[in-house]
Enquirer: 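First the structure, which I've put down as structure tokens, then a few questions once you've had a look.
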Amino acid sequence: MTSIQAIILGITQGLTEFLPISSSGHLVVLERLFHIKSNLSFDVLLHLGTLLALLLYFRAAVSELLRHPTSPLMRRLIAGSIPTFVIGYVFEDAVASAFSNGVTLGLEFVITGVLLLFSESLTARKEVLPRTRSLRRSATNSPSATTLHESLVSYRQAVWMGVAQGAAVFPALSRSGLTISAGLGLGLTREAAVRFSFLLSIPAIAGATAYELVKAPLHVQLSGTLFAGLLASAVVGYLAIRFMMNYVRRANLRGFGYYAAVLGVLIITDQLFFHRFF
């Protein structure tokens, strides 16, 4: 793998991890299109990059959680993480097979797109509660506002968002796309759903990375190529989080839904008729 290829994959990981269009699915697509061969060491570093981006952006919230490990937010994150870890462990072999053959890739992109569009249609028909409007107006990125939106999340919503996150272990089922869709479908505002989705991804990414390291310890020599991918993933991931947190305050997620659905249809078309890439 060249440095340019590593940077391209790092940019893709950072961007699509937080845009609701599936990072793992896009990495598979790029590897097929450009015949790029990555390995477990590089994949772990890419996820480490996005984890660093999350920790940097949500540093105030993370610091608050570490100071108050029994806070309502921490309890909700734990409640949401349990189904994620259980589903990921139970379907580990099926996920590995899906990544290796890519047969279900197009269908998974379509599912991601349809779920985003459906959840947006539900959101558009719901009245916004006065309390939610007040919280949205007062929310900022300052440390004092880090828990405003999480206070809107119930245990039921947290658990179902965790279930959605667990289902997203398959390649093109977007983690952020499914968790945000679940949050919207359960009545959260876009901003609350996106923010809790991103916070919920911290233990998921950290746990998955740690599990891979325990299962198959890696002896990684951080070459310039690997570091370039890690840095690209972290920098672009941070910018993608900032973009999404600002975007959802003024726009809906339908564009991402249409994009994922169309990409899925294109992949299915190639799988059925042309076999050029899949």
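Small disclaimer: the values here were computed from a predicted structure and weren't measured.
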Enquirer: Rounded to the nearest 0.5 Å, what separation is found between the OG1 atom of Thr12 and the CD atom of Glu31?
Expert: 10.0 Å
Enquirer: Under 4.5 Å side-chain heavy-atom separation, chaining through any Ile, Leu, Val, Met, Phe, Trp or Tyr, what else clusters with Val110? Say none if it is isolated.
Expert: Val114, Val265, Ile268, Leu272, Phe273, Phe274
Enquirer: Determine, stepwise, if the pair Thr112 / Ile21 fulfils side chain to side chain contact (heavy atoms under 4.5 Å, CB included).
Expert: CA-CA 7 Å; Thr112 294; Ile21 52 176; 6.0 Å; no
Enquirer: side-chain hydrogen bond (donor to acceptor under 3.5 Å, both in side chains) with Thr179: which of Ser197, Ser174, Ser201?
Expert: Ser197
Enquirer: Among residues at least two apart in sequence or on other chains, which ones pass side-chain hydrogen bond (donor to acceptor under 3.5 Å, both in side chains) with Gln271?
Expert: none
Enquirer: Which other residues end up in the same hydrophobic cluster as Leu117, if Ile, Leu, Val, Met, Phe, Trp and Tyr are linked when side-chain heavy atoms come under 4.5 Å apart?
Expert: Tyr258
Enquirer: If you look only at pairs with a residue in residues 76-118, which of them pass as a ring pair (Phe, Tyr, Trp, His ring centres under 6.0 Å), with sequence neighbours excluded?
Expert: His26-Phe109
Enquirer: So how far is it from Gln165 CD to Trp160 CH2, rounded to the nearest 0.5 Å?
Expert: 15.0 Å
Enquirer: Please confirm whether the backbone N or O of Arg254 pairs with a side-chain atom of Glu120, one donor and one acceptor, at under 3.5 Å?
Expert: no
Enquirer: Is there a donor-acceptor pair under 3.5 Å between the side chain of Ser22 and the backbone N or O of Pro171?
Expert: yes
Enquirer: With sequence neighbours excluded, tell me which residues meet ring-ring contact (aromatic ring centres under 6.0 Å, His included) with Tyr238.
Expert: Tyr57
Enquirer: Looking at residues at least two apart in the chain, or sitting in another chain, which of them share a side-chain hydrogen bond (donor to acceptor under 3.5 Å, both in side chains) with Thr225?
Expert: Ser3
Enquirer: Distance check, rounded to the nearest 0.5 Å: Met244 atom CE versus Arg190 atom CZ?
Expert: 10.5 Å
